Every structure is written in structure tokens, then in C-alpha cells.
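Down below is the structure, laid out as C-alpha cells.
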Amino acid sequence: MKKVFWKLLAAVLGLGAAFLYYYVTIPAFNIHSTGTWTFLAAGWVVLLGLLSFKKLRFTKQGKLEYEGGKKGVLLMKLGLGVLLLMLVILAAGGLLSSPVVNADAYQRLLTVEEREFTEDIKPADYNQIPLLDKASAELLGNRKMGSMVEYVSQFEVSNLYSQINYQGKPVRVTPLVYASPVKWLTNHGDGIPAYIMIDMATQETECVKLEKPIRYSQSEYFGRNIYRHLRFRYPTYIFDQISFEIDDEGTPYWICPVKEFQIGLFGGQTIGKVVLCNAVTGECSSMDVEDVPKWVDRVYPADLLVELYDYYGSLKHGFFNSVLGQRDCLRTTDGFNYIAMDDDVWVYTGVTSVSGDESNVGFVLMNQRTMETRYYSCAGAEEYSAMSSAEGQVQNLGYQATFPLLLNISGEPTYFLALKDAAGLVKKYAMVNIQRYQIVAIGDTVGECEKAYRALMRTNNIGSGEDAAAQKQSGTISRMAQGVIDGNTHYYVILNGSDVIYDVLLADFIEIVRYKEGDRITLEYLEGQETRQVVGVGD
């Protein structure tokens, strides 16, 4: 009876420990998951320990013996052999799946198409350009949360801040989270009532209150924790970074990409499937990548895309060349940003040589929904060099530059940066020419910055297209209006026979106050998105 009792106790304890380990770590049951092998090895060790607990003893000579007879000793050796086999599989699987022996396969994971910059990158539209980085968005989100009296004592803002395209605008969205386990205990019955949405172009911040609350999130516990909810629904899926998004109607979803390994046991990771989980109802749907709805923006994590391009650029002539000779080896620069294009979110990063110089040979755009990758050849300054150049223009103020965006200004690849003070607030904007990064324009507003940059381009005889040079238009003023933008007075002029609006900044052309409707005027201007920016006024 004692033997039966100890065996039952060992079995119960073993199963209990295995379940607890699984519930906490929630590994996938998949041979491609290192978590699966770790779980099996750990469980096997616990089981062997429990079975041998009453049969191990020390002799008088201090040696450890096993009192199980020949059969017991044989079973114990067999158990240790199984454990050793698991460890060998882990080690050998990792080596045989690595770029060391599969350089060609890794290099082919990503298909890269060479494109022309001016054909793909449209002239800058500041209504669709994210003027803030994630850190600035977090400041706005926390400030908004502080004004929500009914929520601020119970909830906080998650640090996710996923950048997506929503109804043609670049926005960052992030859910609220419970402020503490105690706040979860008192509020989880009602769920999370809202999420934060920040327009990255206008800096407008909104707390979107939901008719039905979010019940599945990262801040939940037990079965409603999003990771545990996904694991119990899809026990064999190996999930990558999940992101928070909203569909075209504003319904919150968790976008959960599923890893696919194409090289060996653990190597060549891409994304094979995507699970869309409704954050309100918990309803899940699994689909192939090519079937993902258009409103979804973040299927491929940015880190994964950058890693895949690094394989593509560095392994052209094998692994050892990437380490030793480094012939024709390229890599991405340290950092990336996001660009809204074709209603998708594209990851932007520069491409430089592995020698670590301070110049780029080009840059890449990588689509986060489809993995489409485009390379643009453009020798010029590396991003951090451009950031230093912009900071040098305001070194007396001590502003810090954000990682740049890529814009098309008059056909010229241009870095666009925000300059922030010590509190993290955006104070100025900068534009830096990629090929000639000593050409730097600074402005208090985006419009002023662009105007100064175009003036520098004309002075240095760079740029292409009509909008690189000022044009002239004469006519009689049919309408004239005045407005104030960012503390600056503007006059808006319309000429007879035209519906084009000309924008005249009073600080630059004080003589505009002498004109009235019916007067004849000659305007020298640059093309803008909604107005024509005047750079000269005359009779």
C-alpha cells in the first residue's frame, strides 16, 4: 500500500507541477517551439525526481546509490537517456537551423525589389505625415488620461501605442489597462471602458469610450488574459508580437501573427498565419497572411522585417564572408520609423555598409501587412548624422532630434525631424537633405520649415520639378481674408478667374496690408498641398 501511495502521490504532484508550469508559461505544443522542448525537459526532470525520491540514498562512503534493483536502475538510465536526447535535439536543432549552415536559405527569405524614389514616394502631404514619435505620443496619452477624472484613479494607459492608418490618417492607438491588481479586482467585472487614439499629424488626442468594454487584454488575469486566451484556443500556434488595432468602425482588435519556421527546426522565421481577436467579445478567427483584411496594418513586426533584410544584405556570399571578408555586405541602420503609403504602414530604415561608416547607400521600405520590400539607391547621410546636423542648428537650446522620417520635397529625398526639449515636447521642426546633409532648415512650424528648406534648395541649385523654383502669377484680387496660425498672421488671396488660394505670411511681406480687393498684384509662389506659399509680392 505504501508503494502504491508514493506512486500516486508522485503522479499527482508531477501532473500538478506540469499544469502549473504550463498555465504560467503557456508554451505552444509545437516541435518548432523551444518552449515546448523546455517544458518537456523540465517536466521529465520533475517526474524522474519524484519517482526516485524514496530510492536514492547515500552509503557510508558518501556515494549516491539507487535502490531499485536491476530493473529500476535500467528504467532510471533510460529516463536520463531520454532527457539527454531532448537536450541534444535542442542543441543540434539550433545549430542546424542557424545561418552558419543555411546562409543561402536565410538570404532568400526576403524578396527585395529595386525601385525609383520619385515614382513611389509622393510629394509630402502633411495631413498624412506623423509629426510625432512614440515617446511624444506617450506624453500626449498620459496628459489626456490625467484629464479623465472618472478613469484616472482606476486605469492607466498601456505603453503599446500601435501606429496604424485609420480612415486615411496616421494614428497611434493604445488601450487602457488596470492601474494595479487591486484595481483589476474591483473593475474587471465591467471591463476596460476606453482606448486612446492620437492623430500623429494634428496631435489631436481622443479618449474613445466604448459602448461595450474591452474584456480581453494584456492586463487581465486568468482566462481573459489575451495570451492565455489565445493559447487555449490555438495550443499549437507560436505567436509573435501581438498589436492593438481598430477596424474601420473603431472596434478594438488584437492582431496576433503566428510564426512559421522555414529552415530546420528553429530557423528561418517568417509569419504564416494571423489570428484576429475581438478585444470586446474574445471571438477569434485564424487566416493565412494573404487573406488578412485591408484595415489590418501590423502583421509583420518591424523588428522581424529589419532582421530579414539584414540576412538579405549580409549573407550574399555566405556566412563566413559576413563575418570575415564582408564583401558586398550591407545592413540596416540603427533605428527605423513608419511611413503611411497606399493605405498601409511601411517600415522605413536606411541601408549602410557593415563597416559602420556614417553614410547610407540607400534605404528600404517594408510593408508590415504584406512583407513587400522596396529598395531605393540613394547615397547620403546616415540618420544619426542627420540628427546631429539638425541638433547642431539649435545647440544653444539643447533640443534633441527624433529619428527622421523620409519625405519627397521637390523630388529630393529629405529627412524630416522633430526637435524636442528636455520635457519631451516638440518645439521646432527640421528638414535635412539626405545627399547634402549640411543643408538644414529649421522652423517653428512645418510650413515655416518647408519654406526655409525650399529656399535653401534654390540657393544651392538642387531639386527637380516645377515646385523646386518659384513661379509668378499676376492678376486682380477677387477675395482676400486674414487668419492666424500658430501665432502668425496669414493673408489668403484669390485672383479673378481662379480658385487657387495664395498664402502670404505677414511677417515676411508686411506690404500685403496695403492691398485690397480689386487691386492688381504679382505673386511669386511655391506649390503647396492646399495653398500656394507666396515668397514674393509686387505690383
Side-chain angles (χ1 to χ4, degrees), residues 114-126 129 131 133 330-337 339 348-365 374-397 399-420 428-471 524 526-529 533 535:
E114 290 201 29
R115 303 282 287 255
E116 288 294 327
F117 170 79
T118 54
E119 293 180 3
D120 287 355
I121 311 299
K122 303 295 188 295
D125 179 357
Y126 298 107
I129 293 175
L131 304 181
D133 60 0
L330 301 173
R331 65 171 177 83
T332 56
T333 50
D334 296 329
F336 55 82
N337 215 324
I339 294 177
Y348 154 79
T349 185
V351 177
T352 186
S353 66
V354 296
S355 60
D357 57 25
E358 295 185 357
S359 63
N360 285 350
V361 298
F363 54 89
V364 288
L365 296 180
R374 302 174 179 179
Y375 172 79
Y376 303 88
S377 178
C378 177
E382 185 258 352
E383 289 90 344
Y384 285 94
S385 297
M387 292 165 65
S388 298
S389 185
E391 290 169 355
Q393 297 290 313
V394 290
Q395 58 183 338
N396 59 311
L397 300 173
Y399 294 162
Q400 299 293 313
T402 60
F403 193 84
L405 283 170
L406 179 70
L407 300 184
N408 177 353
I409 306 293
S410 300
E412 282 289 304
T414 301
Y415 287 134
F416 175 76
L417 315 90
L419 295 165
K420 303 193 295 184
K428 291 180 180 292
Y429 300 94
M431 289 184 180
V432 183
N433 189 273
I434 290 181
Q435 295 174 310
R436 298 170 63 179
Y437 69 97
Q438 72 276 16
I439 298 177
V440 182
I442 305 291
D444 292 332
T445 66
V446 177
E448 290 180 13
C449 181
E450 182 187 23
K451 180 180 176 181
Y453 181 68
R454 290 182 184 275
L456 285 173
M457 291 174 67
R458 293 196 305 274
T459 301
N460 290 272
N461 296 316
I462 60 175
S464 61
E466 290 185 355
D467 60 345
Q471 303 175 64
E524 188 177 0
L526 296 173
E527 292 281 1
Q529 291 299 318
Q533 187 72 42
V535 296

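Since we're looking at a predicted model, the values are computed, not measured.
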Could you tell me whether the side chain of [Y] reaches within less than 4.5 Å of the side chain of [X], counting heavy atoms only?
X	Y	result
Leu417	Tyr415	yes
Tyr429	Ile442	no
Arg331	Val351	no
Lys420	Asp133	yes
Ile434	Cys378	yes
Pro404	Glu383	yes
Asn460	Ile439	yes
Val440	Met431	no

**OP:** Locate the shortest heavy-atom distance separating Phe416 from Leu407; write the atom from each residue and the value.
**Re:** CB-CD1, 3.5 Å
Original post:
What are the two closest non-hydrogen atoms of Leu419 and Ala430, and how far apart are they?
Top reply: CD1-CB, 4.1 Å
Would you give the length of the straight line joining atom [atom1] of [X] to atom [atom2] of [Y], rounded to the nearest 0.5 angstrom?
X	Y	atom1	atom2	value
Ile121	Ile409	CD1	CD1	12.0 Å
Thr352	Leu330	OG1	CG	8.0 Å
Asn433	Gln438	CG	CD	8.0 Å

**OP:** Please determine which of Thr332, Thr333, Asp334 meets the side chain to side chain donor-acceptor pair (under 3.5 Å) test together with Thr349.
**Re:** Thr333
**OP:** Would you please test Glu391 and Gln395 for side chain to side chain contact (heavy atoms under 4.5 Å, CB included) and show each step?
**Re:** CA-CA 6 Å; Glu391 290 169 355; Gln395 58 183 338; over 6 Å; no
**OP:** Measure from the side-chain N and O atoms of Glu412 to the backbone N and O of Thr414, and report whether any donor-acceptor pair falls under 3.5 Å.
**Re:** no
Subject >> Main-chain N/O of Ala381 paired to Ser359 side chain as donor or acceptor, under 3.5 Å >> reply: no
Going by atom types only, do [X] and [Y] share a side-chain donor-acceptor pair under 3.5 Å?
X	Y	value
Ser385	Tyr437	no
Tyr376	Asp120	yes
Ser410	Arg454	yes

**OP:** Output yes when Arg115 and Glu119 qualify as a salt bridge under the 4.0 Å nitrogen-oxygen rule, no when they do not.
**Re:** no
Original post:
Between Tyr348 and Phe403, how do the two ring planes meet: parallel, tilted or perpendicular, split at 30° and 60°?
Top reply: tilted
